[in-house]
Amino acid sequence: MKIIIVKDQQQGGKKALEVFQAALNQGAEVFGLATGSTPETTYTEIVKSDLDFSQKISLNLDEYVGLKADNPQSYRAYMQQHLFNFKQFKRSYLPQGDAADSQAEIQRYNDLLAQYQVDLQLLGIGKNGHIGFNEPGSSFTEQTRKVKLTPSTVAANARFFASKEDVPQYAYSMGIGSIMRAKSILLEAFGVTKADAVAAMVEGPVTPDCPASILQQHPDVTVILDQAAASKLSR
Ligand code: F6R
């Protein structure tokens, strides 16, 4: 793992832009994207930049089950608001939250992932070490599936909803097996609330108790941290 420590999330976004630029320079065609507060500055920097994704493919990690694409809380709406309205990709895929047939939707997404190997996968990390919505205990080999969110993740996501009761309990998520197939991975973490998860990911044992710890076994991972998120690393 290559660890880069920056002053704050703003600087993190600028560093992440460099990683996207380098991937484009090396011919990357397929980008795996994430939502949440972590990548916001990265998307701001990409939007301000002259990087061209108009011939590229994007595939998002996850989407809430039950939300229509035009629901403002959906991850599709998040991506429109933060990136796609300003930088268009040739094609952008997310799981369809309101798909009538869950199994068919999971199959569709796994077929897409088989068709398009991700060149650069952007990730955040949950306070409990989740990546995508692969909560502690998830298998390291699974592909896209429907997952039940843990109470801690529902509570963390509640800030985006009018009330805790409105937070969906299930999501479609790429599995850890899908994430590990990416050729390169960029994980960002900012703030002291991520410090324990970051220490477990980087320095702890590789265990499903901290899903992100599997990234120690990926050959090309860059981690961008602010000083607070790096504060519990011993080295
Ligand atoms: C988002 C995702 C999640 C988030 C994680 C951190 O697509 O898959 O794993 O990256 O929950 O969320 P934030 O960035 O809001 O702290």
Side-chain angles (χ1 to χ4, degrees), residues 8-10 12-13 16 31-45 58-65 67 69 71 73-84 92-97 109 113 118 120-138 140 142-161 167-180 182 185-198 200-201 208 210-215 221-226 228-230:
D8 56 24
Q9 187 170 358
Q10 265 58 41
F31 291 83
L33 300 177
T35 58
S37 23
T38 304
E40 282 180 5
T41 55
T42 300
Y43 295 145
T44 304
E45 293 298 328
S58 74
L59 285 151
N60 262 76
L61 281 170
D62 40 23
E63 177 61 285
Y64 289 121
V65 170
L67 298 193
N71 183 312
Q73 310 300 345
S74 73
Y75 283 171
R76 165 65 75 174
Y78 171 103
M79 291 308 299
Q80 289 300 139
Q81 185 196 336
H82 289 91
L83 188 62
F84 299 154
S92 286
Y93 299 103
L94 285 90
Q96 188 191 328
Y109 217 66
L113 286 163
V118 172
L120 175 63
Q121 175 67 57
L122 181 61
L123 295 177
I125 182 171
K127 288 181 221 169
N128 61 7
H130 72 222
I131 48 176
F133 274 131
N134 299 289
E135 302 283 18
S138 298
F140 284 150
E142 275 205 77
Q143 307 298 311
T144 307
R145 66 204 202 287
K146 183 175 166 178
V147 291
K148 181 154 175 57
L149 305 182
T150 62
S152 85
T153 298
V154 172
N157 292 349
R159 67 193 193 277
F160 299 113
F161 291 82
V167 187
Q169 303 288 317
Y170 290 89
Y172 293 117
S173 178
M174 280 190 203
I176 295 178
S178 332
I179 292 171
M180 289 292 281
I185 293 177
L186 171 60
L187 184 143
E188 299 180 275
F190 305 115
V192 71
T193 60
K194 301 290 175 71
D196 285 323
V198 165
M201 167 180 76
C210 175
S213 64
I214 189 67
L215 298 178
V221 178
T222 303
V223 179
I224 298 178
L225 306 171
D226 66 0

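Counting starts at 1 for both ligands and their atoms, following the listed order.
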Between Tyr64 and Asn71, do the side chains contain an N or O donor and an N or O acceptor separated by less than 3.5 Å? no
Give the numbers and elements of all ligand 1 atoms closer than 4.0 Å to a heavy atom of Gly36. 14 (O), 15 (O)
Report the part of Ile125 in contact with ligand 1, treating N, CA, C, O as backbone and CB onward as side chain, heavy atoms under 4.0 Å; options are side chain, backbone, both, neither. backbone
Of Ser37, Ala34, Ala197, the residue with the heavy atom nearest atom 15 (O) of ligand 1 is Ser37
Work out which heavy atom in Glu188 is nearest to a heavy atom in Ala16; give both atom names and the distance. OE2-CB, 3.6 Å
Measure up the Tyr75 and Phe133 rings against each other and bin them: parallel (under 30°), tilted (30 to 60°), perpendicular (over 60°). parallel
Between Tyr75 and ligand 1, does any nitrogen or oxygen pair lie at a separation below 3.5 Å? no
For Leu61, the ligand 1 atoms whose distance to one of its heavy atoms is below 4.0 Å: 8 (O)
Classify the ring geometry of Tyr43 against Tyr78: parallel below 30°, tilted from 30° to 60°, perpendicular beyond 60°. perpendicular
So is Glu63 touching ligand 1 or not, going by heavy atoms under 4.0 Å? no
I need the minimum non-hydrogen distance between Ala229 and Asp226, along with the two atoms involved. N-OD1, 2.8 Å
Atom 10 (O) of ligand 1 has as its nearest protein heavy atom Gly124 CA, 3.3 Å
Please tell me if the side chains of Arg159 and Ser37 come closer than 4.5 Å, counting only heavy atoms from C-beta onward. yes
protein heavy-atom neighbour closest to atom 11 (O) of ligand 1 works out as His130 NE2, 2.7 Å
Does ligand 1 have any atom that is closer than 4.0 Å to a heavy atom of Lys127? no
Just verifying a value: how many Å separate His82 NE2 and Thr44 OG1, rounded to the nearest 0.5 Å? 7.0 Å
Give me the residue, atom name and distance of the protein heavy atom closest to atom 2 (C) of ligand 1. Asp62 OD2, 3.3 Å
For Cys210 and Ala200, which heavy atoms make the closest approach, and how far apart are they? SG-CB, 3.8 Å
How about Asp196 and Lys127: do any of their side-chain heavy atoms sit closer than 4.5 Å? no
Polar contacts were defined as any N/O atom of the residue lying under 3.5 Å from an N/O atom of the ligand; does this apply to Gly132 and ligand 1? yes
Can Arg76 and Phe84 be said to form a side chain to side chain contact (heavy atoms under 4.5 Å, CB included), step by step? CA-CA 9 Å; Arg76 165 65 75 174; Phe84 299 154; 4.1 Å; yes
Distance to 0.1 Å, residue and atom name: give those for the protein heavy atom nearest to atom 14 (O) of ligand 1. Thr38 OG1, 2.5 Å
Which of the ligand 1 atoms, numbered from 1, are nearer than 4.0 Å to a heavy atom of Arg159: 15 (O)
Identify, for atom 1 (C) of ligand 1, the protein heavy atom at the shortest distance, and state residue, atom and that distance. Thr35 OG1, 3.3 Å
Looking at atom 12 (O) of ligand 1, what's its closest protein heavy atom, distance included? Lys194 NZ, 4.3 Å
